[in-house]
Asks: 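Below you will find the structure I want to go over with you.
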Amino acid sequence: MYGSLRASEFVGVLAILVAGFALPFMLPEYFLYTGNMLMTYAVLAIGLDLLIGWSGQFAFAHIAFFGIGIYGTAILESRLGVPYLLSALASALIAGGAGLLIGFPAARLKTVYLALATYAFAECAQWVFRTWDPVTGGSDGLRFNPPVIFGYETGTDGAAFPVVAIILALVVTATLYLAKSKLGRHMCAIRDSEHVASASGIDVRGIKVATFAISAVFASIAGSAYTLFQSFINADVLGASQLVTVLTMVVIGGSSSIAGVLLGVVVVGFLPEILRAMPHSLLVWQEFIYGAILVAAIVFMPQGLWGLFRQRIAARPRRHDRSARESPAVRPVPETSP
Amino acid sequence: MSAFFAIENLGMRFGGLTAVNDFSMEVQEGSIHALIGPNGAGKSTVFNCISRFCDPQKGSIRFGGRDLLELRAHQIVAAGIGRTFQNLELLRRMTVLENVLIGQTIHVPRYLPFAPSPRRARAEAAALRDSEAILEETNLSAYRDTLAGELDFGHQKLLDLARALAGKPRLLLLDEPAAGLRNREISFVDQLLLKLAKSRGLTIMLVEHVMPLVMSVADRITVLSFGQKIAEGSPAEIRRHPKVIEAYLGSEAHA
Amino acid sequence: MILQATLSGIVMGCVYALIALSLVIIYKSTDVVNFAAGEFVMIAGYLGLLLLDHFGLNYPLMVVLTVTLMFAFGALFERTALNKIVGFKYAAEAALVPMVVATIGLSFMLKGAVRVIPSTEEVLRLPPLFSGPPVFFANIVLQRQDIGIVIVAVLVMIALTLGFNFTAIGKALRATSQNPRAAALIGIPVKRMRMMAWGLASGLAGISGILLSPKLLMTPDMGNVVMLGIAASIVGGFTSLVGCVIGGIVLGVVQNLIGIFVSPQAIAVTPFFIIMLVLVMRPNGLFGEAMRLKKV
């Protein structure tokens, strides 16, 4: 819907900033590390949700752009001595450009084909990160120095925390404005029906490519945030399992809603901590539990935790007629063939 | 003087299947022109060629002094043509108001997505007012904030129409507006079409199977069978036309 | 050497083709790409080993039992998870994303479950279906297992082609995949057919697992082989059964030749590169039918 930020949205962004500046004085270093990771995941997940939840494009290249953000920022900053903010900006531009580049052919592909093409792109990108020794350090990985922003050194988790929080707050604000803009609504229109969208004058392919580029820029920003509190990157962490983690966050929290995605990030992000705290340390079961949660979430709560939560608050229709209302039962001729 | 809207020698094949073969027709400004024919006659294909979802191999479609075949699908509404959908394509997870706002796309200027500005706020407020006026006109105001997917069937059809009207077309393509409606609802659609044609100066092209509706609102009827035009004329002429009775009513009788 | 590489490429290609067939059967009947197909191959290998070593079954009985269990497993997954997703929670097209994500979830479950079993930490090996000294032709060496793989793959492909075209169930499956609504109208039990398709595809993955496990190192991550199946089916156009077979063989050969002429390091990335290249240049693959326009 058109308009400016609602009070609740404004308060939410403010809360992120306050937490960003207050928590480093209150929590031990280890929790701050987890917090930094979660905020980075949040930026990643919001960007992925733009593609999957908003514009309904089933694309899997997100982690590749995250990688461009990390390597780009780290190499420019550490090796070539470019100031941090400029490095981050340049990486975002490179990622956005790459997003446009694969967005053009990808926008022609439908659903599963798009998923496969982008997945393949991500795997190719990981291969490049792993084998381009002179630039990325190859399979040995790349070490980099803590960035300095206007004289502020971010080497430790505590020092990086406020900066990562500012980045997250900016991304959330931008996304909230996007939700209220014409472009944001066009994304949703494409998700619901490409035919209606193009018959209403929306350049479907153009919007898809634009979404691709924006989502890539967000992923790259997440990568730049990652370099604030890490000092080492290896291509192995940029694989398919990382994508599944982010995807799980989006699906469990509730896609096409910023609050839902943030909730998903917190729930899934704390999962390893919870498993570790269990009596028999269920950590070895982590992979299985991720998968099981993903399947269960999709089967039993398609709108995610946030959707369930909102339903409870609104206490609108009861559960059984809710599912009935969402079914296409009223459609005379449901489309089933591809 | 050239016609308001003219299809010339349109030919469309899907693989080996000829959907439309050497089809020509003209539509007079301000008229309601019905396109009828048995199932699979190619009516929807003609509509899909006009709205550029299909690329015909042959022919031209002239409207407002240009060939529509040079345009892409999203440019058709700016050229002045709106359409509804037979299978109820709606933005199901968006509200009724948002559906109509999407219909207005070409009349809302573009601003930077991430930046608020007073000019943008004014333009968007105006778009909201226009959309609400259209909801008023189509009796949908009460459902303003309902998700489109949650409306009942009759209101969904109405919303499809409201969304198409929001683009302020000069020519409106209606793909089976009465399909699946009850008799009482059909007469409502009937009245609404006549009212719209008059009050907005709309020209309407109509694909429809419900014969009473076609016969009562259409000024002129074109009959398609197996991708070819077999007759054209006023409702009275069509009713008597031997080829139509044979090709159309014959097959409909036991369908 | 090139001839030798080509021949062993054909052998691997036959296995890729089986995995591709498994994917395409599911895709054609439910529109879903089964990202867990590789894990199906993996657990079939482990299952076979378990039946042989632990339960002391003989080889033929093990094959039959493994394929049957895989069939049941696939059908069960369709029934308990996917069917619910299609059933009532999403609009028709929107169900695709959650269904595919569910298969990704399943792949993690399977991988995770196998990894927890202690004995899978060491590299295990399933004995080959056909053993014995290699066969020599001039200066080419052929393993008996390789010849066996080609024979089994060809037999399976022939059986599938005949089954799809000449049996009642095959015809019902094809009807379901082409137009589920019309199929339901003429009395085909569409739900059971979807289950059947998943069962059949999982059984195929089981056969691939038994053929492949003796050739690869068995690890919980062996499921990555799914990308080779996907690449094979994309080359083949994703809708054509014959295309899959040719796609698999082309891929197997290309991979081996790249190993010789470019670098062994590039073998890993070949399938992904091929997927991207084919989808960008020729989205319908070499043998696929053109994507049909959705009816509006």
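The analysis underlying the following values was restricted to heavy atoms, covering all of them including side chains, and did not include hydrogens, waters or symmetry mates. Just so it is clear, the structure is predicted and the values come from calculations on it, not from any experiment.
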Asks: B:A78 versus chain A, heavy atoms under 4.5 Å apart: side chain, backbone, both or neither?
Replies: neither
Asks: Which residues pass the ring-ring contact (aromatic ring centres under 6.0 Å, His included) test with B:H33, sequence neighbours left out?
Replies: none
Asks: When rounded to the nearest 0.5 angstrom, what distance separates NE2 in A:H186 from NE2 in B:H74?
Replies: 11.0 Å
Asks: How are the rings of A:H195 and B:F53 set to each other: parallel, tilted or perpendicular (split at 30° and 60°)?
Replies: perpendicular
Asks: Should we say atom CD of B:E136 is surrounded by more than 12 heavy atoms from elsewhere, each under 6.0 Å from it?
Replies: no
Asks: Based on non-hydrogen pairs under 4.5 Å, which of B:D160, B:T105, B:T84 is most in contact with chain A?
Replies: B:T105
Asks: Applying side chain to side chain donor-acceptor pair (under 3.5 Å), name anything that partners B:N183, two or more places apart in sequence or on another chain.
Replies: none
Asks: Distance check, rounded to the nearest 0.5 Å: A:K182 atom NZ versus B:L101 atom CG?
Replies: 10.5 Å
Asks: How about B:Y143: does its OH atom have over 12 heavy atoms from other parts shown lying under 6.0 Å from it?
Replies: no
Asks: Checking B:E137 now: which residues fulfil side chain to side chain donor-acceptor pair (under 3.5 Å) with it, not counting sequence neighbours?
Replies: B:R200
Asks: Which residues from residues 202-215 of chain A are near chain B, with near meaning under 4.5 Å between non-hydrogen atoms?
Replies: A:I202, A:D203, A:R205, A:I214
Asks: So, taking the atom named CD1 in B:I76 and the one named OG in A:S200, what distance separates them when rounded to the nearest 0.5 Å?
Replies: 13.0 Å
Asks: Based on non-hydrogen pairs under 4.5 Å, which of B:Q104, B:R72, B:R110 is most in contact with chain A?
Replies: B:R72
Asks: Using a strict cut-off of less than 4.0 Å between a Lys/Arg side-chain nitrogen and an Asp/Glu carboxylate oxygen, indicate whether B:R93 and A:D192 qualify as a salt bridge.
Replies: yes
Asks: Look up atom CD in B:E124 and atom OG in A:S181, then write down how far apart they are to the nearest 0.5 Å.
Replies: 8.0 Å
Asks: Nearest 0.5 Å, what's the CZ-CE distance between A:R185 and B:M94?
Replies: 6.0 Å
Asks: Go through it in stages, so that I can follow the logic: the residues are A:V196 and B:L90, the test is side-chain contact (heavy atoms from CB on, under 4.5 Å), and I'd like the CA-CA distance, side-chain angles, deciding distance and then a yes or no.
Replies: CA-CA 7 Å; A:V196 168; B:L90 285 172; 5.8 Å; no
